[in-house]
A.B. asks: 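Take this structure first; my questions come after.
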Amino acid sequence: MDTDQRVAHAGAAQLARLYSPGKRLQEWICVVLCISLVAVNFLFLMRHFSTDHFSKLIIAMFAGIVTADFASGLIHWGADTWGSVDIPVIGKAFIRPFREHHIDPTAITRHDFIETNGDNCMFAVVPLAHMTCRFIADSPDVVRDAYPWHCYLFCLSVFVTMTNQIHKWSHSYFGLPRGVGALQDLHVILPRKHHRVHHIAPHETYFCITTGWLNYPLEQIGFWRHLEHLITSVTGQKPRTDDMKWARKVE
């Protein structure tokens with residue numbers, strides 16, 4: 001796809017062109033590994049399932065989802081607020097999409113499955129691989145005792161994997177599956193109206209994009225503002241400097 005045709009803003013067009021074949025390969029590898037590990041671990045969980053610790057399983061799964069929401073906010077805040085596209089390796093590979101997204105929020109709706117989910121799959125590969133190793137190496141008694149922890153880790157990994165797809169749905173106003181719309185309306189996953197708060201310049205709040213459950217309480221305690229003030233006082237760096245530079249680019 002010709003990226004120049006996808007976006008009109010000069011900065012967004014330049015950022016879109018930085019999406020490289022090497023980056024695409026990394027995303028493909030991560031998606032294949034992640035989906036394979038999710039399937040393998042799901043089978044292990046079904047094989048060892050027991051109702052002995054049912055209440056612990058419910059708590060573990062809920063905690064995994066909440067942790068994924070907080071992790072999405074922390075990574076989103078970090079990439080939005082600090083760093084630069086010019087940083088070697090990670091700048092073009094991982095910070096670039098965040099800069100493009102603020103300039104052209106609907107670009108994500110034109111990304112295919114691989115581009116949308118590749119980086120999130122990368123983050124989930126390590127905990128999922130660890131789970132697989134433990135299921136293979138540990139005795140049945142050890143697996144049984146650790147089962148709630150494995151459920152927590154599995155839910156965390158699955159929702160981390162799904163985060164950017166959920167984020168994409170929050171920018172999609174046409175063609176959404178009916179079930180996705182229902183989950184948004186029930187605020188089980190990030191709703192569209194809720195996420196619009198983040199896209200009010202200068203993009204300094206409501207960073208959690210998995211379920212969005214933590215956005216309101218974190219905003220009420222000023223979590224991100226306090227963290228930014230601390231970093232600025234220690235390093236002298238101002239938040240969102242690079243983000244504003246790209247937003248103002250005209251050529």
Side-chain angles (χ1 to χ4, degrees), residues 1-3 6-7 12-47 64-65 67-80 82-101 104 107-137 149-172 177 180 189-190 208-210:
M1 180 182 293
D2 185 350
T3 53
R6 299 193 315 181
V7 286
Q14 184 176 344
L15 288 163
R17 286 195 296 270
L18 295 176
Y19 183 62
S20 67
K23 175 65 176 171
R24 180 74 172 180
L25 176 61
Q26 170 251 310
E27 291 172 345
W28 261 106
I29 292 171
C30 291
V31 167
V32 171
L33 283 174
C34 183
I35 291 176
S36 300
L37 288 167
V38 166
V40 168
N41 282 295
F42 179 76
L43 292 175
F44 275 126
L45 286 169
M46 291 299 98
R47 177 183 176 185
I65 297 170
T67 305
D69 196 41
F70 179 74
S72 76
L74 192 63
I75 293 171
H76 188 187
W77 167 80
D80 271 8
W82 310 105
S84 166
V85 176
D86 298 324
I87 296 175
V89 183
I90 66 170
K92 291 181 181 178
F94 302 109
I95 295 178
R96 176 198 65 82
F98 292 86
R99 300 293 178 268
E100 180 188 11
H101 184 58
D104 183 12
I108 192 173
T109 66
R110 301 186 292 272
H111 294 169
D112 65 8
F113 183 85
I114 301 300
E115 186 174 358
T116 299
N117 298 290
D119 287 342
N120 289 74
C121 286
M122 178 187 68
F123 285 112
V125 162
V126 172
L128 288 169
H130 174 75
M131 276 185 65
T132 301
C133 291
R134 295 272 54 86
F135 276 124
I136 293 172
W149 167 252
H150 289 316
C151 287
Y152 165 78
L153 204 58
F154 186 75
C155 280
L156 170 60
S157 299
V158 167
F159 274 83
V160 165
T161 299
M162 293 176 59
T163 289
N164 216 34
Q165 184 64 55
I166 293 171
H167 181 206
K168 178 179 178 177
W169 286 331
S170 76
H171 285 278
S172 302
V180 171
I189 61 175
L190 183 69
C208 299
I209 55 173
T210 303

A.B. asks: If you look at every heavy atom in Phe70 and Cys208, which pair is closest and at what distance?
C.D. replies: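 Answer, listing the atom of Phe70 first, then Cys208: CA-SG, 4.4 Å.
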A.B. asks: Is Phe42 close to Val158 at the side-chain level, that is, under 4.5 Å between some pair of heavy atoms?
C.D. replies: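 SC-SC contact between Val158 and Phe42 ruled out.
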A.B. asks: If only side-chain N and O atoms count, and only distance matters, is there a donor-acceptor pair under 3.5 Å linking His101 with His171?
C.D. replies: yes
A.B. asks: What do the steps show when you test Leu33 against Leu128 for side chain to side chain contact (heavy atoms under 4.5 Å, CB included), and what is the final call?
C.D. replies: CA-CA 10 Å; Leu33 283 174; Leu128 288 169; over 6 Å; no
A.B. asks: Using 0.5 Å steps for rounding, measure from the CD1 atom of Ile75 to the CD1 atom of Ile209.
C.D. replies: 9.0 Å
A.B. asks: Does the pair Leu45 and Cys151 meet the rule for a side chain to side chain contact (heavy atoms under 4.5 Å, CB included), with working shown?
C.D. replies: CA-CA 8 Å; Leu45 286 169; Cys151 287; 4.2 Å; yes
A.B. asks: Looking at every heavy atom in both Cys30 and Val125, which two are closest together, and how far apart are they?
C.D. replies: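 Looking at all heavy atoms of both residues, the shortest contact is O-CG2, 4.0 Å.
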A.B. asks: Less than 3.5 Å apart, any donor N or O on the side chain of Thr163 or Thr210 sitting next to an acceptor on the other?
C.D. replies: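 Yes, because at least one side-chain N or O of Thr163 sits under 3.5 Å from a partner of the opposite role on Thr210.
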A.B. asks: Return the minimal non-hydrogen interatomic distance between Lys92 and Pro97, and the atom names on each side.
C.D. replies: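 Here Lys92 and Pro97 meet closest at O-CD, 4.4 Å.
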A.B. asks: Quick one: closest heavy-atom pair of Phe154 and Met131, and the distance?
C.D. replies: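 Of all heavy-atom pairs spanning Phe154 and Met131, the closest is N-SD, 3.8 Å.
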A.B. asks: Apply side chain to side chain contact (heavy atoms under 4.5 Å, CB included) to the pair Trp77 and Leu74, showing each step before the final yes or no.
C.D. replies: CA-CA 5 Å; Trp77 167 80; Leu74 192 63; 4.3 Å; yes
A.B. asks: How long is the gap from CD1 on Ile95 to CG on Asp86, to the nearest 0.5 Å?
C.D. replies: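 Going from CD1 on Ile95 over to CG on Asp86, the span is 9.5 Å.
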A.B. asks: For the residue pair Trp82 and Arg99, what are the closest heavy atoms and their distance?
C.D. replies: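 Trp82 and Arg99 have their closest heavy atoms at O-NH2, 3.2 Å.
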A.B. asks: Quiz question: by atom type and distance under 3.5 Å, do the side chains of Lys23 and Gln26 form a donor-acceptor pair?
C.D. replies: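 Judged by distance alone, the side chains do pair up.
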A.B. asks: Strictly by modelled atom types, are Asn120 and Thr161 linked by a side-chain donor-acceptor pair under 3.5 Å?
C.D. replies: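 No pair is found: no donor N or O on one side chain lies under 3.5 Å from an acceptor on the other.
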A.B. asks: Whether the side chain of Lys168 engages the backbone of His111 through a donor-acceptor N/O pair (distance < 3.5 Å, no angle test) should be reported.
C.D. replies: yes
A.B. asks: Would you give the length of the straight line joining atom CG of Leu25 to atom CH2 of Trp28, rounded to the nearest 0.5 angstrom?
C.D. replies: 10.5 Å
A.B. asks: Can any side-chain N or O of Arg96 pair as donor or acceptor with the backbone N or O of Val85 at less than 3.5 Å?
C.D. replies: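 Not confirmed, Arg96 side chain does not pair with Val85 backbone.
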A.B. asks: Within the side chain of Thr116, is there an N or O that forms a donor-acceptor pair under 3.5 Å with the backbone of Gln165?
C.D. replies: no
A.B. asks: Measure the CD1-CG distance between Ile166 and Asn117 for me, rounded to the nearest 0.5 Å.
C.D. replies: 9.5 Å
A.B. asks: Angle between ring planes, His150 versus Phe135, binned at 30° and 60°: parallel, tilted or perpendicular?
C.D. replies: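 If you compare the ring of His150 with that of Phe135, the planes turn out tilted.
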A.B. asks: Taking His167's backbone N and O only, do any of them form a donor-acceptor pair with Asn164's side chain (distance below 3.5 Å, no angle check)?
C.D. replies: no
A.B. asks: Using the rule given for side chain to side chain contact (heavy atoms under 4.5 Å, CB included), can you reason through Ile136 versus Cys133, listing the C-alpha separation, both sets of side-chain angles and the distance that settles it, and then say yes or no?
C.D. replies: CA-CA 5 Å; Ile136 293 172; Cys133 291; 5.9 Å; no
A.B. asks: Leu153 versus Arg134: any side-chain heavy-atom pair under 4.5 Å?
C.D. replies: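 The answer is no; the side chains never approach within 4.5 Å.
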